[in-house]
Every structure is written in C-alpha cells, then in structure tokens.
There are 2 protein chains.
Amino acid sequence: MTEKAVARSRGAEEAEERADAERNRGRLLGLLGYFLRRADVYTFQSFNAHMAEDRISPGQLGVLLMAEANPGINQTRLGKALGIDRSTLVAMIDLLESRALVARTPSATDRRSHALKLTRQGEAFLKAMQPRLARHEAELARNLSAAERRLLMDLLARIAPS
Amino acid sequence: MTEKAVARSRGAEEAEERADAERNRGRLLGLLGYFLRRADVYTFQSFNAHMAEDRISPGQLGVLLMAEANPGINQTRLGKALGIDRSTLVAMIDLLESRALVARTPSATDRRSHALKLTRQGEAFLKAMQPRLARHEAELARNLSAAERRLLMDLLARIAPS
DNA sequence: TATTGTTATACTCTATAACTATA
DNA sequence: TATAGTTATAGAGTATAACAATA
C-alpha cells in the first residue's frame, strides 16, 4: 500500500466514522415501537424473499392456516381472528379461490355465510411450501436460541391482545 | 338468576366455546412472524390513537428524532438509517417542512444535498408530544416489567440487522 | 333490526425508474 | 461516471360506507 493509498484509506475510514456518527439513532433506541417496526419490516421482506415462488402474502397464508385449523369457519369470524376487516378479506379469498386453494361452500345453518374450507390443492400447497416457510422462520430466529425464540413469542403475545 | 336465565347463560357460554373453537389459530401459533405482525399492527393502532392530536405517523416521528440526534444529516443517509427509500422520504419531509418542524438547509460541503435540521418549532413539538408518546409506550409495555421490556427490545434487535 | 358477504372508493405506505443538478 | 434530491407512477395493504340477501 502506497502512502497515498493509506491516506485515502484513512480518509475513507474517517468518512465511515462520520457516517456512523450521522446515524446515531438517538431517542429511537428507547422506543419499543421502533424495534417492533424494524423487526416487522425485516420479517415482511424475508417472507417475500423466501416464499417468492409460492406467490403468497403473509396475510393470505394466515387465511389458509386458519381455514386449515377451522374447517367451515365463515369470513367474518376468520377476519376477526386475524384482525382483518371482512371487506378486505373478500379480495384475498377471491384470489385464493381462483387458485383453488380454498373453497366457499354453502353453510348448513346460515344461508348468508360461506363455510370456508381448504381444498386438497390447498393442503398440498401448505405441504409444498412448508420447507420454505421453515427456512424463513429459521432466518428470523438465526440469532436466537430455541428458548429465546419461544420467549420472544410469549413477550410479543403480551403486547397484542389474544 | 332464574332457571331460564341460567339456561340462556349456559347457551351463551356454549356459543362462546364454539366461537373459540372456530378461532383455533392452529399452526399460526408456532410462527414467530405471526406474533411479530400482530404486535406491530397493535402498535401502529395504539400509536395513532395516542398521537391523534399530533397528526404524525410513526415514520414521520422517526425522521424528526433522527434529525434531532443528527443535525445536518442528509436525506439519503437518514433514509438508509431508517430503512426508507429516499424517494419515499421526499414527501415525508415536505410535510414536516410545511409544518415548519424540520428545515432543509444548504449543505456547506455538497451543493447536491440538504442538511436537515430540527427547527425550534420541531423541538417544541417533540417536547409537547412527549407525554403522549410515553403513554403509548406504556400501553405497549402494560403487561411487561421494565426488565422484560428491555429484553424484548434486545431480542427484536437481533431479528432486524442494526 | 342485525348480520354476512359484497362492491365502490379512498387513503397510507412504499418502491422503481427516470430526470436535474451537482460531484 | 456516480450521487442527492426529485417526480411520476404503480403496487400492496387496509378501512369506511352502503347495498342485497338472509337471520
């Protein structure tokens, strides 16, 4: 390394230091809401990166998993469980139904509502995307032990009501 | 309570149980991403409820706090620190500037960039909204001890890279 | 009267690509 | 050539209000 290169390198380091100084996060580092938002944005991006070939959003996966766990549930109840307005749910389910992953079947007891069910293809879809979902989850928890991951989920559950 | 009232109450309980059964969250309860998203949605709603009179979004507050901690920072660097694209930042800063909370001042060293600074009114704004921000943060942490809150922030920081 | 699904509509947040003025 | 700010534009995601069918 020539003296000039060293000087240039020194200059670059100082610029880095200055950049670091200019990235002081100040009071943000005392705000729980800030860390939550950062973690959620990261999670959303990781989800999309890992699940790209599945062409599904986190919300859509939520609908599929709710239909799997609650066969016959209606749209309003499913929306309440996930915190999604029922008007928002219509297009989401339209899309899942167009891919034949869920079916709107007639309710036996209430002709206003649809009984949602995962189709065979929906089951196959969940099975096929499982390894990618696992890799996404593993990336989120890459710096956490199993116990820490469980602890984090418990702490988060205490922020959002049930 | 009459027998009829008891019967009605029993019926209501059973309906509740049925509703609960139909709200089985299934595999969602094993997904860290699910808890993160729920907590973040709750946080966003709490923020808006508590800060309504301040007419500010979480992202805008982030910009103000970064300008406070890094007087003279430019837009691109601020955006990178918060994970916001610089094109997105333009309208956010336009809005904050129209309320005279931040100022775009000429950079001494680079005429392409703006040196962002919190104005006096921006400082006053941060001071005035402080109690409401504190109440919002207190609501988030309402079920957490101080140690648990700190722990949660540490765990979240390990998900999103600094 | 109330509720389910639906539609129309609008608002927020965000990113990509291309432009301009500087470096 | 590369970078800072900007604009135009588009895509998600979401909510509110109102309507028809049904309870």
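This structure is a prediction, so every number in the text was calculated from the model and none was measured. In what follows, every chain begins at residue 1, and chains take the letters A, B, ... in the order their sequences are listed.
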- Item | Check: A:M92 main-chain N/O paired with A:Q60 side-chain donor or acceptor under 3.5 Å | no
- Query: Using a cut-off of less than 4.0 Å, is there contact between a side-chain N or O of A:Q75 and OP1 or OP2 of C:dT3?
  - Reply: no
- When rounded to whole Å, the CG to C1' distance for the pair B:D94 and D:dT7 reads 11 Å
- Task: Heavy atoms only: give me the nearest A:L82-A:V63 pair and the separation to one decimal.
- Result: CD1-N, 3.8 Å
- Message: Please list all pairs meeting salt bridge (charged side-chain N to carboxylate O under 4.0 Å, His left out) that have one or both residues in residues 86-105 of chain A, counting only residues at least two apart or in different chains.
- Response: A:D94-A:R104, A:E97-A:R104
- Atom pair CE (A:M129) and CD (A:E53), whose distance is rounded to the nearest 0.5 Å: 11.5 Å
- Item | d(CZ, A:F47; P, D:dA12) in whole Å | 15 Å
- Item | Footprint string (nucleotides 15-23 of chain C, 5' to 3'): B base within contact, S backbone only, - free, heavy atoms under 4.0 Å | BBBB--BBS
- Query: Rounded to whole angstrom units, what separation is found between the CD1 atom of A:I93 and the P atom of D:dT14?
  - Reply: 13 Å
- On DNA chain C, nearest-nucleotide positions of A:A115 versus A:V41: which is more 5'? A:A115
- Item | Among D:dG13, C:dT4, C:dT14, the one nearest A:R37 by side-chain distance | C:dT14
- Task: Whole angstrom is fine here: how far is it from CZ in A:R77 over to P in C:dG5?
- Result: 10 Å
- Query: Counting only N and O atoms by type, is there a donor-acceptor contact under 3.5 Å from the side chain of A:Q75 to the main-chain atoms of A:V90?
  - Reply: no
- Note on the structure: Whole-Å distance, A:F44 CZ to D:dT14 C1', equals 12 Å
- What is the distance from atom CD1 of A:I73 to atom CG of B:N24, rounded to the nearest 0.5 Å? 9.0 Å
- Task: Starting from C1' on C:dT14, measure out to CG on B:D40 and report it in whole angstrom.
- Result: 14 Å
- In whole angstrom, give the distance that lies between atom NZ of B:K80 and atom C1' of D:dA4. 10 Å
- Item | Nucleotide D:dT6, atom C1' - distance to CG of B:L116 in whole Å | 14 Å
- Message: Is it the case that the side chain of A:R149 and the backbone of A:A146 share a donor-acceptor pair, with hydrogens and angles ignored and the cut-off at 3.5 Å?
- Response: no
- Which of residues 50-62 of chain B sit near DNA chain D, with a heavy atom under 4.0 Å from it? none
- Under the 3.5 angstrom rule, does the side chain of B:N70 hit a backbone N or O of B:M66 as a donor-acceptor pair? yes
- Query: Donor-acceptor pair, B:T119 side chain versus B:A100 backbone, under 3.5 Å?
  - Reply: yes
